[in-house]
Amino acid sequence: MPAAVSGCLLARSMASHHKHQQRGAAATAPGALPVINIGRLGDKDPAARALVVQDIARACRDRGCFQVVNHGVSKSAMDGALEAASEFFDMPAERKAAFACADIRSPVRYDTSSKDGISKARSFLKHYANPLDHWVDSWPTQPATYRKKMGTYAVEIHKLSMQLTGAIVQGLGLCPMHLQEKLGAGMQFMGLNNYPQGSSRAGDTVGLAPHSDIGFITILLQSSPGLEVTHHDDGGVWTPVPAIPGALHVDLGDHLEVLSNGRLRSLLHRAILNTDEARISIASIHGAAMDEKVGCAEELVDERHPRMYRESSFHDFLDFLPTNVKAYRRFVETLKIDSA
Ligand SMILES: O=C(O)CCC(=O)C(=O)O
Ligand SMILES: [Fe+2]
């Protein structure tokens, strides 16, 4: 990306960051969140790739998240996904209710409020996406372009997830191929979130309660700002993630913390309601297959770094979820070997 474009993106990011800060957060964590140009990740020159890997490694270690630009996901796929989501949520309640399901294991699920008592304003649609052929027939047929638009986005994002995890594990000193097979055959769990415009008078400011995601990474597309993050050493200070046009936000999930044997931490995040506009976000969670156990990478366990976490699967996480409503704990906390 030419420097001028990069500068422009950063300037917008800062403007949006400040606007958002004035509106919500009480204090700010040090430094802006990293925005990484990953255009040279696929470069034949290993030195060019290494520089990007280094930036990603630093962002993962210090912030637990970063945004990517020049990521190869087309603008038309990103716009199409937001359109499909917005058209879905605009449908009459009865049509959406056809996807309501009490079983959190259902491959497609619509709901109007979360059970935590905090995220009351949000409605959401969740569905599996990888491999697309296997799941797409369970997706909504209305709006008519939903499957096409969301499917195109899902496939492009899955490809990006493979590239990013390749770089992240390389940054941990592992072979870039370390997770590729597991991810290729793994879960892609998409969560489409619809937040109405918030009203500060009514005091409804939090759209989605603080949590970390399962999986290795989450790639998130947001229509406007609202996502806030706090990393383990941020002292509980929330940092708004600016909505940079064309950028995608990436955050680390519980299974990456496990795989890295604690060298990386999963990211606590939440969504704030915008007082000036409604908002849509599309989270794509990338992990191993439903029943595949994920443990610490053997290469990262030695005498100085004893194994910190028990193995677990996505399935184990789903079993844990209903037990984690009142006093929220990151799933990964329950896997700590000394926490038993
Ligand atoms: O709306 C957002 O920005 C956050 C969504 C999210 O964290 C999720 O769906 O897991
Ligand atoms: Fe999340």
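For clarity, every value in this text was computed on a predicted model and none was experimentally measured. Atoms within a ligand are numbered from 1 in the order they appear, just like the ligands themselves.
Look at Glu333 and Arg330 and you find a salt bridge, because one of the NZ, NE, NH1 or NH2 atoms lies within 4.0 Å of a carboxylate O, short of that distance. Between Arg263 and Glu257 there is no salt bridge, since none of the side-chain N atoms of the basic residue sits less than 4.0 Å from a carboxylate O of the acidic one.
To the nearest 0.5 Å, atoms CG (Leu268) and OH (Tyr328) are separated by 6.0 Å.
Every residue meeting the ring pair (Phe, Tyr, Trp, His ring centres under 6.0 Å) condition with Phe189, not counting sequence neighbours, appears here in chain and number order: Tyr128, Phe314.
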Quick one: side chains of residues 178-186, donor-acceptor pairs under 3.5 Å with protein atoms, not counting sequence neighbours, listed by atom name and distance.
| residue | atom | partner | partner atom | Å |
| --- | --- | --- | --- | --- |
| Gln180 | NE2 | Met162 | O | 3.0 |

CA sep, side-chain torsions, deciding dist, call: Lys293, Asp316, salt bridge (charged side-chain N to carboxylate O under 4.0 Å, His left out)
CA-CA 9 Å; Lys293 295 282 185 188; Asp316 296 332; 2.7 Å; yes

Go through the steps to decide whether Arg58 and Asp62 satisfy the test salt bridge (charged side-chain N to carboxylate O under 4.0 Å, His left out), and finish with yes or no.
CA-CA 6 Å; Arg58 189 178 312 116; Asp62 296 346; 5.3 Å; no

Trace of the side-chain contact (heavy atoms from CB on, under 4.5 Å) decision for Phe331 with Ser312:
CA-CA 10 Å; Phe331 175 56; Ser312 67; 3.6 Å; yes

Short N or O separations between ligand 1 and the protein, below 3.5 Å:
| residue | atom | partner | partner atom | Å |
| --- | --- | --- | --- | --- |
| ligand 1 | 1 (O) | Tyr195 | OH | 2.6 |
| ligand 1 | 1 (O) | Arg279 | NH1 | 3.1 |
| ligand 1 | 1 (O) | Ser281 | OG | 2.7 |
| ligand 1 | 3 (O) | Arg279 | NH1 | 3.4 |
| ligand 1 | 3 (O) | Arg279 | NH2 | 2.8 |
| ligand 1 | 7 (O) | His211 | NE2 | 3.1 |
| ligand 1 | 7 (O) | His269 | NE2 | 3.0 |
| ligand 1 | 9 (O) | Asn193 | ND2 | 3.0 |
| ligand 1 | 10 (O) | His211 | NE2 | 3.1 |
| ligand 1 | 10 (O) | Asp213 | OD1 | 3.2 |

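Protein N/O/S atoms found under 2.8 Å from the Fe ion (ligand 2), listed by chain and residue number: His211 NE2, Asp213 OD1, His269 NE2.
Of the possible donor and acceptor atoms, one in the side chain of Asn274 sits under 3.5 Å from a partner among the backbone N and O of Pro225.
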